[in-house]
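Below: the structure, in structure tokens.
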Amino acid sequence: MAERASSSSTYLLVPILLIAVLLGTAVIRGPNLVSLSGFGSAIIVAAPLILATYALMALAVAGRGTVDLAMGPLVAFINVSVVKLNMLGIISGPFGTFLVALGLGVLYQLAFALIVIWVRVQPIIVALSGFLALTGINLVILPRPGGMAPEFMSSWGLGTTIFSPVLLILVIATGGWLLFTLTPFYANLRMMGYDERAAWTSGVRINIVRVGAHVIAGLFAGLAALCYTALIASGDPSQGTNLTLTAVTALVLGGVSLAGGRGGVTGALLGALNLWLIGYVLATFNFGAIQAFVTQMSYGIILVLSLLLTLLVPVLSRHISFISPWSAFVVLGAVVAAIMLHVATADTYLAPESVPAAAQGPLLDRYFLTAPAGGAEPGLVLSPIQRMAFFAALAAVVLTFAARLTQAEAPARRMGLFLYLFVAALVLALFALIAMQGQVTLFSGGTP
Amino acid sequence: MTDIPPREPRAQLLPVPRSALLVWLNLAAALTVAAIGLGVGFAQGIKAQLVILYTVISVAVLLWLLNYVTTIFESRSAASAAPSDARGVWRANRVMIIAMVALLIVYLLVTASVPAFRSVTNLIAFLVLEAILLFAFKVSGRFATGRSAFIGIMVLVALVVISSFTIEGFLSGSNVKAILLFAAFLGIACIGQTLVALMGGLDLSIPFVIGSANVGMLFLTTLGVPSFVAFGFVLILGGLIGLLNGVLSYKLQGQALILTLGMGFAVAGLTQILTSIGSSFAGNVFGTVPSWLSNLAAMNGRTFGLAFPPTILIWIVLAVIVIIGLRYSAYGRYVYALGGNRRSARLVGVSEFRYWTLAYVLSGVFAALTGCLLLGWSGGGFIGVGDPFLFTTLAAVVIGGTSLLGGAGGYGFTVIGVLVLQVLTSFLLGIGLRYEWQQFIFGLLILPMVALYGRSPHIRATV
């Protein structure tokens with residue numbers, strides 16, 4: 001039972017592991033993340049990417065190697081259309097704006113689906129065609145970034161609070177997809193993506209299923225464009241290519257199979273968050289003029305590495321079948337939450353020193369000048385509440401892990417379980433020792 | 001149908017179709033074209049004698065050509081005579097008829113509503129477009145192979161005809177030179193894309209390698225490395241990137257698109273970091289381009305004393321080598337074998353890994369070469385110089401008719417695709433369209449071109 005549960009979504013292990021590492025690093029490097037406004041702006045900034053990744057995910061699940069490279073230009077197209085209509089004073093109300101955005105997305109994707117079905121051209125060619133056409137028409141509609149977003153959106157992009165309309169959109173989109181997975185239509189969709197011929201021979205009306213997948217992707221694209229408009233509060237025709245590339249990267253990072261049939265909203269969400277976190281972590285380093293290049297290079301390298309990691313997934317699932325993604329999520333989540341808690345409550349950080357304009361030091365000093373959080377003099381001093389939370393989290397981790405192990409190892413009737421428990425106890429002891437000692441710095445070097 | 005026994009049509013010097021209707025049709029077509037030519041000729045104020053001479057020549061040539069074509073196809077289609085009632089004709093040709101009528105309606109609407117549109121050149125353009133549709137649907141279906149090449153060449157000819165009527169100085173030496181030069185850049189970059197596409201892969205790292213080679217080459221020469229050494233070094237680096245692409249994408253079957261994109265990102269980022277790590281002008285490299293390189297690719301370059309840049313010659317030589325190599329060498333045949341059916345090729349003993357990787361290596365080398373040549377053309381290093389190539393290489397390959405699924409097509413087709421793209425660009429520039437409109441039209445052009453010949457089978461045919 002455990003095996004079936006883990007083998008179906010083992011691909012999520014990689015993004016989960018990555019997000020834990022990244023989130024931990026992000027919180028340590030930039031403590032500002034753990035605050036109301038930090039989370040709020042994080043949601044606002046990441047929302048377009050997440051929703052665009054959802055749209056790509058819905059298409060990727062439908063199979064035939066459908067990677068809509070035109071997703072970014074499509075989002076930009078809806079963005080500039082909404083802004084242009086608003087500037088002309090034709091449509092500025094919330095209802096009309098939503099209607100236009102979702103309608104344009106659905107219409108485009110509908111055309112895409114019909115071309116793929118009736119003209120029977122490979123989806124990559126339709127995507128290429130759409131990319132060129134939309135990139136061109138975007139610049140015609142709005143030659144340069146500018147314009148004003150509709151009035152009612154003005155408060156969306158502030159990011160001072162977590163509970164913004166953007167979060168609502170995200171929740172509705174995610175929940176909508178999760179509800180959708182309960183329907184038989186979704187089963188047909190996955191089957192078609194996995195093996196189109198088998199689906200066809202078993203009586204699935206694949207044309208309707210394909211159109212359905214594209215309509216869903218169109219809705220997601222419309223929502224992404226709305227969030228994007230709220231984020232930049234204007235129109236920008238030039239960011240389409242970037243959005244496509246990052247969304248495709250996020251898709252792969254989230255473990256969605258581009259061959260079709262595998263993928264879900266969880267993976268896409270994790271992938272998009274990972275990508276955003278990579279940008280965030282890199283932004284906390286001071287690379288100066290080459291910041292953009294470092295970001296670009298890391299996107300590329302991480303994309304390639306995560307592709308290579310998917311090769312390891314079968315091996316992983318064979319050897320560590322007792323770790324389900326869910327338990328991994330709980331364990332790592334507890335660890336990250338502990339880090340966050342520590343960062344948010346411990347008030348002993350050095351203020352990041354302002355960077356001198358012309359730093360004279362050696363290269364590394366110049367680039368890593370921003371002090372990492374947590375390097376304070378007294379080390380790790382835990383308040384009673386912190387200590388309690390820390391140990392509670394630790395206990396939860398160990399408990400989950402042990403329970404999971406017990407369940408997995410029960411049918412095997414081996415003694416290996418004790419070995420694992422012994423190691424777990426050792427780790428626990430180590431943690432306790434460190435916590436008691438009270439003299440530890442998260443980064444030994446860093447600040448001179 | 002007459003009772004005369006079928007003759008061998010090719011042996012005739014003056015072919016005449018057997019059906020009288022076709023003879024009259026051909027004559028009418030030739031005379032119509034001649035009349036248009038006559039009108040245009042007088043409208044342009046050319047000497048009357050010349051106009052008459054040209055008209056007579058064009059009628060004769062056109063009539064001969066039409067008759068020649070019709071006799072060939074007449075004998076071929078005699079066996080499969082279609083039902084001649086109206087329903088049958090409609091059913092057999094409905095797509096074509098709908099397309100032609102749609103075009104006619106659009107033309108009439110635009111003509112009626114926009115006074116500036118009413119001109120002879122637009123009428124000619126309209127007629128040529130209709131003729132293309134007719135040819136594309138009726139004639140190209142009779143080719144077993146090379147349909148796409150036929151359509152591509154027709155579009156090319158039509159574009160040249162329309163452009164030379166519409167645009168002042170389109171066929172002037174400098175414009176042709178410019179078209180060929182840009183076609184050469186695109187064409188060299190497309191060599192790798194074609195090879196990779198023939199095996200069912202894709203290489204999206206080409207634009208990034210072009211940009212990196214462009215910046216890297218200038219950076220190396222500025223450092224004081226002898227320019228030839230730098231040139232070779234950049235080519236080798238391009239090959240290494242290709243090797244990495246090839247090995248990794250072979251391991252990750254079916255993910256070549258994403259993988260090469262990621263590699264491209266990494267390469268472009270790394271190059272920029274390396275070239276600008278200490279400088280305050282990030283992303284730009286300043287320096288002087290070696291003179292041999294600027295002569296190689298600049299507009300005023302000279303080849304053995306002739307007034308055209310050697311890049312065009314390089315492209316032609318490369319194209320010939322690649323076309324012949326793909327057709328006759330063992331490597332070329334194996335590429336087709338692997339693209340057509342991987343499993344059977346493997347059973348025959350073709351090393352899939354080696355050929356796949358080699359295709360990507362070549363792609364990297366040619367992308368780097370394009371980057372260096374572009375440096376010679378522009379005279380300054382810029383990482384974004386390759387950006388337009390991200391999709392135009394793909395577009396040229398696809399418009400030419402190489403299937404992205406592999407196994408069908410060739411570099412000759414890509415050359416046609418490249419030329420179509422460049423002539424179209426020049427035409428759109430000439431009639432004053434801005435870059436964004438050009439892109440829009442490119443996008444819309446790719447679909448019908450591919451739809452004419454690149455359709456995959458219906459699913460019921462694959463079960």
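Worth saying up front: this structure is predicted, and the values here are computed from it rather than measured. Below, chain A is the first sequence line, B the second, and so on; all start at residue 1.
Contact of A/Leu251 with chain B is not made at all, since no heavy-atom distance falls under 4.5 Å. Contacts of A/Ile206 with chain B are made by side-chain atoms alone, with heavy-atom separations under 4.5 Å and no backbone atom involved. In this structure, the portion of A/Val252 lying under 4.5 Å from any heavy atom of chain B is its side chain and not its backbone. Within the 4.5 angstrom heavy-atom criterion, atoms from both the backbone and the side chain of A/Leu132 approach chain B. Looking at A/Thr135, the atoms closer than 4.5 Å to chain B (heavy atoms on both sides) sit in the backbone and in the side chain alike. If you measure heavy-atom distances from A/Leu305 to chain B, you find no contacts under 4.5 Å at all. Of the two parts of B/Ile441, neither the backbone nor the side chain holds a non-hydrogen atom closer than 4.5 Å to a non-hydrogen atom of chain A.
Considering CZ of B/Phe265 and CD1 of A/Ile302, their distance stands at 12.0 Å, rounded to 0.5 Å. Atom OG of A/Ser129 sits about 12.0 Å away from atom CG of B/Leu394, to the nearest 0.5 Å. Taking CD from B/Gln272 and CE from A/Met297, the interatomic distance works out to 10.5 Å, rounded to the nearest 0.5 Å. Put simply, CG on A/Leu134 and CD on B/Gln439 are 10.0 Å apart, with the number rounded to the nearest 0.5 Å. With values rounded to the nearest 0.5 angstrom, B/Leu248 atom CG is found 9.0 Å from A/Leu307 atom CG. Atom CD1 of B/Ile383 and atom CD of A/Gln296 lie 7.5 Å apart (nearest 0.5 Å).
With respect to chain A, the highest number of heavy-atom pairs below 4.5 Å among B/Leu261, B/Leu444, B/Leu390, B/Leu270 belongs to B/Leu270. Options B/Leu447, B/Thr392, B/Ile446 differ in how many heavy-atom pairs under 4.5 Å they form with chain A, and the most are formed by B/Leu447. Between chain B and the options A/Gly136, A/Ala70, A/Gly130, the largest number of non-hydrogen pairs under 4.5 Å is found for A/Gly136.
Within the 4.5 Å cutoff, side-chain heavy atoms of B/Phe391 are placed close to those of A/Leu69. A heavy-atom distance below 4.5 Å is found between the side chains of B/Met263 and A/Val304. Under the 4.5 Å side-chain criterion, counting only non-hydrogen atoms from C-beta, A/Val140 is in contact with B/Trp437.
Nearest heavy-atom pair, A/Ile301 versus B/Ala266, reported as atom, atom and distance to 0.1 Å: CG1-CB, 3.7 Å.
Evaluation of the side chain to side chain contact (heavy atoms under 4.5 Å, CB included) rule for A/Asn242 yields A/Gln239 as partners, not counting sequence neighbours.
Around atom OH of A/Tyr194, no more than 12 heavy atoms belonging to other residues, nucleotides or ligands sit under 6.0 Å away.
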